[in-house]
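Hydrogens, waters and symmetry mates are skipped; everything else that's a heavy atom, side chains included, is used.
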Protein chains: 2
Amino acid sequence: MSTPRRTDARRNRARLVAAAAELFDEVGADATAMNDVARRAGVGPGTLWRHFADKDALIAEVVGDSLDNLAALAADLRAEPRALRRWVVELVRHISRYRGLVDAIAHAGPDGPLGGRCHAVEAATADLVERARAQGEVRADLTATEVVRLAMAVAWVNEAVTPPDTADRLLSLIFEGVDR
Amino acid sequence: MSTPRRTDARRNRARLVAAAAELFDEVGADATAMNDVARRAGVGPGTLWRHFADKDALIAEVVGDSLDNLAALAADLRAEPRALRRWVVELVRHISRYRGLVDAIAHAGPDGPLGGRCHAVEAATADLVERARAQGEVRADLTATEVVRLAMAVAWVNEAVTPPDTADRLLSLIFEGVDR
DNA sequence: ACCTGAACACCGTTCAAGT
DNA sequence: ACCTGAACACCGTTCAAGT
């Protein structure tokens, strides 16, 4: 299913992913209608559903490479000072790539297509949290899950409210603390 | 419009608000269908739309008293130590009263019915931020808008992911800071 | 093996007809 | 002045019929 054998099927699949990426850019991942994706790809709705079980699977396909690249970046940051902090900045940027993406990620079941794509990101975060903790840079009780959730929270609030803060500002408050 | 003159109209309005509150409790503010509210209230859909211009207006009516009480609470906290911190805990709790409420609040235009209800909350927050700053308890550059947004971010992420963290834990990270 | 597109279900929203 | 409920538009989803 993921790589169909017939050439027309492969072409249709590629067109669907391209059409979805365009619409995600234009109106957001949340606001794109499945039927619009099919129409822009020049196929019937049934073809879309044959290739992707649900909207999550389509989103996972569109952002999959991007998330894989993100996880790979963690290895480069590993040796840098304040690696975790830089990592979270990238995390927020990728989660904010399309409007509505953060909702899809947050509500994705761990066994679903999107949840699977996020697994490497979680693992990379855990590694960086571990190192930051060993370095004494962050609280000893900080967990990777908490870091990812704070990143999602920042990404969400920045696209939910107008005008948005910069993500950097909210991350500064969170890392350095509100209290003085 | 807000207080209709005919007795049947007043009764219908009260029934609609009660039905909406029930459904918000059962399935969340985001998942309740307008037609279901009308059906449970025992009126036609048209009657619902006659009383409330859109879903935001209905939500604003249901949570209005609650938000007003919240704003009043600020006065009581004013003299307490660490008033801002306690305030934010209450803020998060009220924003989380119904599933999906935080989305409605975040996306509410400032001139809409929900935005209007939130105005007093913003003002109360600004007052407490001011005092906390004067006391030297928080960063000098902290704004009330940022505090409200952090509260919304925490409320959102806690209802978006499973299992939820406790709000207290995320607020501890944010106030005391992730860094050590 | 894969595609097509009509069709169904659901929900927000409106409006002509009533009382 | 207010209510009713049929009806429309929209969108996710399915499926019988095709090639």
Q. Using a cut-off of less than 4.0 Å, is there contact between a side-chain N or O of B:Asn12 and OP1 or OP2 of D:dC2?
A. no
Q: Decide yes or no for B:Thr143 and B:Val129: does some side-chain heavy atom of the first lie under 4.5 Å from some side-chain heavy atom of the second?
A: no
Q) Does A:Ala33 offer a backbone N or O that forms a donor-acceptor pair with the side chain of A:Lys55 under 3.5 Å? A) no
Q.
In dot-bracket form, 5' to 3', how is DNA chain D paired? Count Watson-Crick and G-U wobble pairs only if both distances fall under 3.5 Å, and write | where the partner sits on another strand.
A. ||.|||||...|||||.||
Q: For A:Leu58 and D:dG12, give me the distance from atom CG to atom C1', rounded to whole Å.
A: 13 Å
Q) Is any side-chain heavy atom of A:Trp87 less than 4.5 Å from a side-chain heavy atom of A:Val121? A) yes
Side-chain donor-acceptor distances from residues 19-26 of chain A under 3.5 Å, at least two apart:
residue : atom : partner : partner atom : Å
A:Glu22 : OE1  : A:Arg40 : NH1          : 2.8
A:Asp25 : OD1  : A:Arg97 : NH1          : 3.0
A:Glu26 : OE1  : A:Arg40 : NH2          : 3.1
A:Glu26 : OE2  : A:Arg40 : NH1          : 2.9

Q: Could you tell me the separation between the CZ atom of A:Phe52 and the P atom of C:dC3, rounded to a whole number of Å?
A: 11 Å
(Q) Has A:Arg133 got a side-chain atom pairing as donor or acceptor with A:Leu142's backbone, closer than 3.5 angstrom? (A) yes
For residues 173-180 of chain B, which side-chain donor-acceptor pairs fall under 3.5 Å, sequence neighbours excluded?
residue  : atom : partner  : partner atom : Å
B:Glu176 : OE1  : A:Arg139 : NH2          : 2.8

**Q.** Any B:Asn158 side-chain heavy atom under 4.5 Å of B:Ser96 side chain
**A.** no
Q. Just how far, in rounded Å, is C1' of D:dT4 from CG of B:Leu48?
A. 13 Å
Q.
Taking the side chain as everything from C-beta on, heavy atoms only, tell me whether A:His51 gets closer than 4.5 Å to A:Pro4.
A. yes
Q) Under 4.5 Å between any side-chain heavy atoms of A:Arg10 and A:Thr3, yes or no? A) no
Q: Let me know the distance between CZ of A:Arg6 and P of C:dC2, rounded to the nearest Å.
A: 6 Å
Q.
Starting the side chain at C-beta, find the nucleotide from D:dG12, C:dT4, D:dC3 nearest to B:Thr47.
A. D:dC3
Q: Return the value, rounded to whole Å, for the distance between atom CZ of A:Arg13 and atom C1' of C:dC3.
A: 16 Å
Q) CZ of A:Arg10 versus P of C:dC3: gap in Å, rounded? A) 11 Å
Q) How many angstroms lie between NE2 in B:His94 and CD1 in B:Ile105, if you round to the nearest 0.5 Å? A) 10.5 Å
Is there any protein nitrogen or oxygen under 3.5 Å from a nitrogen or oxygen in nucleotides 16-18 of chain C, and what are the pairs?
none

Q: Please state how far atom CG in B:Leu16 lies from atom P in D:dC2, giving the value in whole angstrom units.
A: 14 Å
(Q) Can you list everything that forms a side-chain hydrogen bond (donor to acceptor under 3.5 Å, both in side chains) with A:Asp76? Sequence neighbours excluded, please. (A) none
Q | Rounded distance (Å) that lies between atom C1' of D:dG12 and atom CD1 of A:Ile59 | A | 14 Å
Q. With sugar-phosphate meaning primed atoms plus P, OP1 and OP2, does B:Asp8 contact a base, only sugar-phosphate, or nothing at under 4.0 Å between heavy atoms?
A. sugar-phosphate
Q.
Are A:Met34 and A:Val63 linked, directly or through intermediate hydrophobic residues, by side-chain heavy-atom contacts shorter than 4.5 Å (ILVMFWY only)?
A. yes
(Q) Can you pull out the residues from residues 25-46 of chain A that lie within a 4.0 Å heavy-atom distance of DNA chain C? (A) A:Val43, A:Gly44, A:Pro45, A:Gly46
Q: May I ask you to evaluate whether B:His51 reaches the phosphate of D:dC3, defined as a side-chain N or O under 4.0 Å from OP1 or OP2?
A: yes
